[in-house]
Enquirer: 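Got a structure for you, written out below as C-alpha cells; questions coming shortly.
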Amino acid sequence: MSPDPDSTPRPPATYVLIHGAGDVGWYWHLVERELRARGHDVLAPDLPVEDDAAGLSAYADVVVKAIGGRDELVVVAQSFGGYVAPIVCARVPARLLVLVAGMVPAPGESAEAMFENTGWADYAPAGERGPGEVDLFYHDVDPALATEARARGRGQSETPGREPWPLDAWPDVPTRYLLCRDDRFFPAAWVRRVVRDRLGIVPDEMDSGHTPALSHPGELARRLEEYRADVWRDRRARR
C-alpha cells in the first residue's frame, strides 16, 4: 500500500498540469488547489490552441518555458495533452508522467490517425458519437461548473492534431495511466487495450467522465499524490 499522501515526503513536487484540446489551464484549478494545500508547486499553462501556426513543438515550448528551472517534476496530461506531455518529458528531468484520460501516441502518428489506427469507432457507442458537449464531456460535472468550463473553452486549431508525433519512442520516465470508467469520449474498453498495447501497463481506474479535474478533483489529486509518493519512495530505496 502506498504511504499516506498527506504526509508529503520531501522534497515537494512541481506538478505540471497540461490541459486538453480547446481548453485552458483553468480546467485544473480545483486540483491545483488540492495540490497546493499539500505543499506542492503547481503549473497549469494555457496552450496556444487557437494558433494555426503552433504545432506540437510549440505547445511543448510553452510548458517548458513555464517550468523554467524547477525540478522534482510530475507531468500530468489530460486527453490531447497526452500528445504534448511526452515531448515535454523528453526535454526536462521529469520524475513521473501521468496520463488522465489521455491519448497515447505512437511515433510518427498524428492524433487524427490515432483514432483510426486504434479502432476507436468500434468502441464508441453509436449514440455517443454525436451528443452535445455537456453530455459528452461534462455529464458528471456540477451544471454551474460545466457552464463555466464551456464559457472558458477556446477554438482548437487543426494543426497539432494533423502533425505526426515527433518522438522516436516513449520517454524514459515512469508512466502511469488513470482511466475514467464513465468516459463517454474515450470508452473504457478502448483505453484498456490502447494502454496495454502501447505502454505495456494496466491502467488504474476511477469512476468519472472525461473531465475528472472538474467532477472529482479531490480523488484525482489523491491519486496523483499516491503515484508521486510511490516514485519518491522507490527513488529513496535505490539510494
Side-chain angles (χ1 to χ4, degrees), residues 16-28 43-68 73-94 96-124 129 133 136-137 152-173 175-179 183 185-187 190-191 193-201 203 210-211 213:
V16 183
L17 309 179
I18 302 175
H19 64 74
D23 212 341
V24 290
W26 173 90
Y27 165 73
W28 296 103
L43 306 172
D46 291 342
L47 302 179
V49 299
E50 296 173 301
D51 185 355
D52 288 334
L56 293 171
S57 181
Y59 282 39
D61 287 345
V62 169
V63 180
V64 170
K65 182 178 179 180
I67 291 170
L73 303 173
V74 178
V75 179
V76 184
Q78 160 78 18
S79 197
F80 179 69
Y83 260 73
V84 180
I87 303 174
V88 172
C89 289
R91 299 185 187 178
V92 300
L96 173 64
L97 169 57
V98 183
L99 300 180
V100 181
M103 301 184 76
V104 184
E109 178 185 71
S110 71
E112 289 184 355
M114 181 196 164
F115 287 108
E116 181 177 357
N117 293 344
T118 57
W120 172 84
D122 295 333
Y123 289 83
R129 294 181 188 173
E133 185 179 17
L136 186 61
F137 298 115
R152 290 176 178 268
R154 296 175 292 164
Q156 174 62 54
S157 168
E158 295 180 351
T159 298
R162 294 175 173 175
E163 179 184 347
W165 193 59
L167 298 187
D168 294 328
W170 199 260
D172 185 19
V173 177
T175 301
R176 305 290 187 271
Y177 195 105
L178 186 55
L179 175 157
D183 194 333
F185 187 42
F186 289 175
W190 175 73
V191 171
R193 183 177 63 79
V194 169
V195 172
R196 180 196 67 212
D197 293 348
R198 295 196 166 194
L199 296 178
I201 62 176
H210 191 66
T211 53

Enquirer: So do Met114 and Arg198 actually touch side chain to side chain, heavy atoms under 4.5 Å?
Expert: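 Arg198 vs Met114: side chains touch.
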
Enquirer: Side chains of Trp165 and Ser110: is there a donor and an acceptor less than 3.5 Å apart?
Expert: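 No donor-acceptor contact under 3.5 Å links the two side chains.
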
Enquirer: So that I can tick it off, tell me whether Lys65 and Asp61 are bridged by a salt bridge, with the cut-off set at under 4.0 angstrom between side-chain N and carboxylate O.
Expert: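 Looking at Lys65 together with Asp61, the answer is no, because their closest N to O distance does not fall below 4.0 Å.
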
Enquirer: Quick check: closest heavy atoms across Pro160 and Ala54, and the distance to 0.1 Å?
Expert: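 Looking at all heavy atoms of both residues, the shortest contact is CD-O, 3.8 Å.
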
Enquirer: Using a cut-off of 6.0 Å, state whether more than 12 heavy atoms not belonging to Asp52 lie near its atom CG.
Expert: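 Count over threshold, so yes.
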
Enquirer: Provide the closest heavy-atom pair for Glu109 versus Asn117 in the form atom of the first, atom of the second, distance.
Expert: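 Shortest heavy-atom separation between Glu109 and Asn117 comes out as OE2-ND2, 2.7 Å.
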
Enquirer: Could you tell me which non-hydrogen atom of Ala124 sits nearest to which non-hydrogen atom of Pro187, and how far apart they are?
Expert: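 Looks like CA-CG, 3.8 Å.
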
Enquirer: Does a side-chain heavy-atom distance below 4.5 Å link Thr175 with Leu199?
Expert: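 Sidechains of Leu199 and Thr175: in contact.
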
Enquirer: Is a donor from one side chain sitting under 3.5 angstrom from an acceptor on the other, for Ser157 and Arg162?
Expert: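 No, because no side-chain N or O of Ser157 sits under 3.5 Å from a partner of the opposite role on Arg162.
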
Enquirer: Checking side chain to side chain contact (heavy atoms under 4.5 Å, CB included) for the pair Leu136/His210: CA distance, chi angles, key distance, verdict?
Expert: CA-CA 8 Å; Leu136 186 61; His210 191 66; over 6 Å; no

Enquirer: What do the steps show when you test Trp26 against Asp46 for side chain to side chain contact (heavy atoms under 4.5 Å, CB included), and what is the final call?
Expert: CA-CA 8 Å; Trp26 173 90; Asp46 291 342; over 6 Å; no

Enquirer: Please answer whether the main-chain N or O of Ala53 pairs with a side-chain N or O of Thr159 as donor and acceptor at a distance below 3.5 Å.
Expert: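 A pair under 3.5 Å: no.
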
Enquirer: Angle between ring planes, Trp190 versus Trp120, binned at 30° and 60°: parallel, tilted or perpendicular?
Expert: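 Trp190 vs Trp120 ring planes: perpendicular.
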
Enquirer: Is the shortest heavy-atom distance from the side chain of Val63 to the side chain of Val16 under 4.5 Å?
Expert: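 Sidechains of Val16 and Val63: in contact.
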
Enquirer: Has Gln156 got a side-chain atom pairing as donor or acceptor with Ala21's backbone, closer than 3.5 angstrom?
Expert: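 No.
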
Enquirer: Of the non-hydrogen atoms in Val24 and Arg154, which two are nearest, and what is the gap between them?
Expert: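 Nearest pair, atom of Val24 first, then Arg154: CG1-NE, 3.2 Å.
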
Enquirer: Quick one: does Arg176's side chain get under 4.5 Å of Leu99's, heavy atoms only?
Expert: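 Not in contact.
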
Enquirer: Under a 4.5 Å cut-off applied to non-hydrogen side-chain atoms, are Thr118 and Arg193 in contact?
Expert: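 Side chain of Thr118 against side chain of Arg193, heavy atoms only: contact under 4.5 Å found.
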
Enquirer: Is any side-chain heavy atom of Tyr177 less than 4.5 Å from a side-chain heavy atom of Val98?
Expert: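 Answer no - side chains too far apart.
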
Enquirer: Between His19 and Tyr27, is the ring centre distance below 6.0 Å?
Expert: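 Ring centres of Tyr27 and His19 not closer than 6.0 Å.
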
Enquirer: What orientation do Phe185 and Phe115 show, parallel under 30°, tilted 30 to 60°, or perpendicular over 60°?
Expert: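 The rings of Phe185 and Phe115 sit tilted, inter-plane angle from 30° to 60°.
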
Enquirer: Under 4.5 Å between any side-chain heavy atoms of Met103 and Phe186, yes or no?
Expert: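 Side-chain contact under 4.5 Å: yes.
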
Enquirer: With a cut-off of 6.0 Å (strictly less than), are more than 12 heavy atoms of other residues, nucleotides or ligands near CD of Glu112?
Expert: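 Counting other residues, nucleotides and ligands, CD of Glu112 exceeds 12 neighbours.
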
Enquirer: Heavy atoms only: give me the nearest Trp28-Ala77 pair and the separation to one decimal.
Expert: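 Residues Trp28 and Ala77, closest heavy atoms: CZ2-C, 4.4 Å.
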
Enquirer: Kindly give the heavy-atom pair with the smallest separation between Val173 and Ala94, and that separation in Å.
Expert: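 Nearest pair, atom of Val173 first, then Ala94: CG1-O, 3.9 Å.
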
Enquirer: Knowing that exactly one of Leu43, Leu47, Asp23, Val62 qualifies, which makes a side-chain contact (heavy atoms from CB on, under 4.5 Å) with Ile18?
Expert: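 Exactly one pass, corresponding to Leu47.
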
Enquirer: Within the 4.5 Å heavy-atom criterion, are Cys89 and Leu97 side-chain neighbours or not?
Expert: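 Contact flag for Cys89/Leu97 side chains = yes.
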
Enquirer: Which is it for Leu73 and Val92 under the side chain to side chain contact (heavy atoms under 4.5 Å, CB included) test, yes or no, and what are the steps along the way?
Expert: CA-CA 8 Å; Leu73 303 173; Val92 300; 3.7 Å; yes

